[in-house]
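Counting starts at 1 for both ligands and their atoms, following the listed order.
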Amino acid sequence: MTHPKSGENDRMQEIISLCKRRGFIFPSSEIYGGINAVWDYGPLGVEFKNNVKRAWWDAMTRMRDDIVGVDTSILMARRVWQASGHESAFTDPMVDCTNCKNRFRADQVEEMSGDPNVCPACGMRGTLTAPRQFNLMFKTYMGPIEEDAALVYLRPETAQGTYVNFQNVQTSMRKRIPFGIAQIGKSFRNEISPGNFTYRMREFEQMEMQFFIPPEDEENWYEYWRAQRWQWYLGLGMKPESIQWHEHGPDELAHYARVAVDIYYHFPFGWKEMEGVHDRTDFDLRRHAEFSGKDLTYYDDINNRRYVPFIIETAGGPDRVALAFLCDAYDEDEVNGEKRVVLRLHKKLAPVKAAVMPLSKKDELVALAHQVHDEIRPIGLTQYDETGGAIGRRYRRQDEIGTPYCVTVDFDSLEDRQVTIRERDSMTQRRAPIAELRGLLAAELA
Ligand code: GAP
């Protein structure tokens, strides 16, 4: 049972309201009353999510020789989804309430209402229908005529775009197995029970990596990628006690997976999947070979043998992962008797790296503060703030969005060409020469 306690609900509400107030995340189409399970990222949110994606992309591609990246299209031939099994099997069991007409995922009713026979919306007992399978793929039509022949799906996972390009990538990049292909991009699922803010959306992004291996190395690479993905979260400051493994039981496995494990995060609304590592065997390439009639085997010229590669997949989503980092970073403490909200985000993930503030609005200070700000712009997104009253209040505003450094220009700065650097977490302050500031901050943020 993962019923949120009221304190946990409050925590989620505080995070949602912070996201709205400070320009991280807004409801989509809000002025028209919103659209269910679709969210927009504001100026700070887009920076933050881009930082999550960049950290993943760097770890997966730039820091390694054995993984390359692609960016494939959302619309693909319908045959792709017939081959992959999604057209027939990418379904969730759905129940309807005959009283209030709401629909729910059958496997989530108990979690939502506390009883598998009670409707989570109207609370009536015995009004839920028997489960039936509902396909989660969004349909649209290619070209001007809406007919079955023109039907295409919005992709529900990025993985298939990678698989159908396996040979293009392998030959153009002259890659030898084992090697991987990483991709970040939009996916769409017509979720029956979306919710919990950006946790389960109908339009979202995925960051997925497909690692192609010889069949006999399945176990080793599966273990290897489990360990790598776990470490990635810890390396970006996620608390070890916030994550745990969840092995998929036979009834949880996706149609393509032989074994799978999730990294669960302890969200305010319970322990939930954040990312999965899947052993997809040779299922996908075999099916694409069968349906396309193309030979998708790999020739191993060292051992002089030909085989269909097996695939270990790591599959996460930047929206869900960003939400987990936000929840993990959210903290409240007390400074001078006042509540301080602080996002203790890892420096690599923080949307704003430093904020420059003149102590007063006096012309000389403002001019120097602008110079200092221009000087440090190359370190990442920075802000200039001469409003907002007392310096303490301006520090708090930056704490709330996770800015690691505040740089204050005061009257002494005019004489000694030094500024005060104040740190978000320790709240300690130190003086540093303006001439060295950019290098110093860049080194600390690296
Ligand atoms: N290619 C395998 C695959 O798609 P998945 O477990 O269905 O596996 C992978 O999805 C990841 O994508 C999830 O762990 C989650 O981070 C993200 N994701 C999936 N559905 C989502 C949704 N409705 N909203 C936000 N993120 C989602």
Side-chain angles (χ1 to χ4, degrees), residues 25 28 35-41 45 49 52-53 56 70 72 74 76 80-81 84-86 89-92 105 107-108 134-138 153-164 180-211 225-226 229-230 232-233 238 243-248 252-265 267 269 271-281 283-285 287 311-327:
I25 300 172
S28 170
I35 167 170
N36 198 5
V38 191
W39 296 88
D40 295 338
Y41 285 79
K49 189 163 74 148
V52 171
K53 291 192 280 186
W56 185 87
V70 292
T72 71
I74 288 168
M76 302 178 74
V80 169
W81 305 109
S84 70
H86 283 78
F90 195 58
T91 55
D92 274 340
R105 248 175 75 170
D107 54 340
Q108 289 178 353
F134 172 78
N135 195 297
L136 301 185
M137 286 196 292
F138 277 98
Y153 296 107
L154 303 189
R155 69 176 175 199
E157 63 168 8
T158 63
Q160 299 302 328
T162 301
Y163 299 149
V164 299
I181 306 178
Q183 171 157 213
I184 300 178
K186 284 262 164 123
S187 292
F188 301 81
R189 294 182 190 177
N190 200 1
E191 300 279 1
I192 302 167
S193 308
N196 283 328
F197 197 31
T198 52
Y199 177 80
R200 197 180 299 284
M201 301 194 284
R202 292 192 166 119
E203 172 181 342
F204 56 97
E205 282 190 281
Q206 290 190 304
M207 39 194 195
E208 302 195 301
M209 192 281 298
Q210 317 300 325
F211 205 71
W225 280 110
R226 281 176 67 137
R229 295 309 303 142
W230 184 267
W232 184 78
Y233 288 102
M238 197 163 267
I243 53 179
Q244 68 181 22
W245 292 111
H246 172 81
E247 311 276 347
H248 282 213
E252 287 172 282
L253 279 176
H255 62 272
Y256 48 72
R258 187 184 69 82
V259 281
V261 66
D262 289 334
I263 300 177
Y264 267 30
Y265 178 78
F267 289 98
F269 42 86
W271 284 98
K272 299 269 178 200
E273 172 195 340
M274 176 169 63
E275 161 155 5
V277 180
H278 313 135
D279 177 355
R280 294 181 74 134
T281 68
F283 174 84
D284 297 277
L285 288 185
R287 294 273 295 190
I311 293 164
I312 304 296
E313 172 187 57
T314 73
D319 306 283
R320 198 176 279 185
V321 168
L323 179 62
F325 276 119
L326 265 186
C327 294

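In summary, the atoms of ligand 1 found under 4.0 Å from a heavy atom of R280, numbered by their order in the structure, are 1 (N), 2 (C). Short contacts between ligand 1 and E275, defined as distances under 4.0 Å to a heavy atom of the residue, involve ligand atoms 14 (O). Interface atoms of ligand 1 facing Y256, defined by a heavy-atom separation under 4.0 Å, are 2 (C), 3 (C), 8 (O).
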List the steps, then state whether side-chain contact (heavy atoms from CB on, under 4.5 Å) holds for E273 with F267. CA-CA 9 Å; E273 172 195 340; F267 289 98; over 6 Å; no
Step-by-step side-chain hydrogen bond (donor to acceptor under 3.5 Å, both in side chains) determination, T162 to Q183: CA-CA 8 Å; T162 301; Q183 171 157 213; 3.1 Å; yes
Give the intermediate values and the outcome of side-chain contact (heavy atoms from CB on, under 4.5 Å) for residues F134 and D92. CA-CA 5 Å; F134 172 78; D92 274 340; 5.6 Å; no
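Where the criterion is an N or O separation shorter than 3.5 Å, residue side chain and backbone included, E157 meets it with respect to ligand 1. An N or O contact shorter than 3.5 Å links E273 to ligand 1 by distance. Any N or O atom pair closer than 3.5 Å counts here, and G317 shares at least one such pair with ligand 1. Checked against a 3.5 angstrom limit, the closest N/O atoms of H278 and ligand 1 fall outside it. Any N or O atom pair closer than 3.5 Å counts here, and E313 shares at least one such pair with ligand 1. An N or O contact shorter than 3.5 Å links M274 to ligand 1 by distance.
Screening Y265, W230, W271 against W245 for a ring pair (Phe, Tyr, Trp, His ring centres under 6.0 Å) leaves a single residue, W230. A side chain to side chain contact (heavy atoms under 4.5 Å, CB included) with D319 is found for exactly one of W39, Y41, F197, namely Y41.
The pair K186-E205 fails the salt-bridge criterion, with no side-chain N (NZ, NE, NH1 or NH2) lying under 4.0 Å from an Asp/Glu carboxylate O.
For W39, no heavy-atom contact with ligand 1 is shorter than 4.0 Å. At a 4.0 Å heavy-atom cut-off, ligand 1 does not touch Q160 at all.
Side-chain atoms of R200 do not come within 3.5 Å of backbone N or O of G195 as any donor-acceptor pair. A distance-only check finds no donor-acceptor pair linking the side chain of Y199 to the backbone of P194 [under 3.5 Å]. Side-chain atoms of H246 never come within 3.5 Å of backbone atoms of K272 as a donor-acceptor pair (strictly under, hydrogens ignored).
Ligand 1 lies out of reach of H248, whose nearest heavy atom is not under 4.0 Å from it.
What sits closest to atom 24 (N) of ligand 1 on the protein, heavy atoms only, is M201 N, 2.9 Å. Nearest protein heavy-atom neighbour of atom 3 (C) of ligand 1: E208 OE2, 3.3 Å. What sits closest to atom 12 (O) of ligand 1 on the protein, heavy atoms only, is Q206 NE2, 3.2 Å. Looking only at protein heavy atoms, the nearest one to atom 25 (C) of ligand 1 is Y199 O, 3.2 Å. Annotation: atom 15 (C) of ligand 1 to nearest protein heavy atom, R320 NH1, 3.5 Å. Ranking protein heavy atoms by distance to atom 18 (N) of ligand 1, first place goes to F204 CE1, 3.6 Å. Scanning all protein heavy atoms for the shortest distance to atom 4 (O) of ligand 1 gives R189 NH2, 2.8 Å.
For the pair R258/R280, no side-chain contact is recorded, criterion being any heavy-atom separation below 4.5 Å from C-beta on.
Side-chain atoms of E157 and S187 include no donor-acceptor pair closer than 3.5 Å. Remark: the E208 side chain and the T314 side chain contain no N/O donor-acceptor pair separated by less than 3.5 Å.
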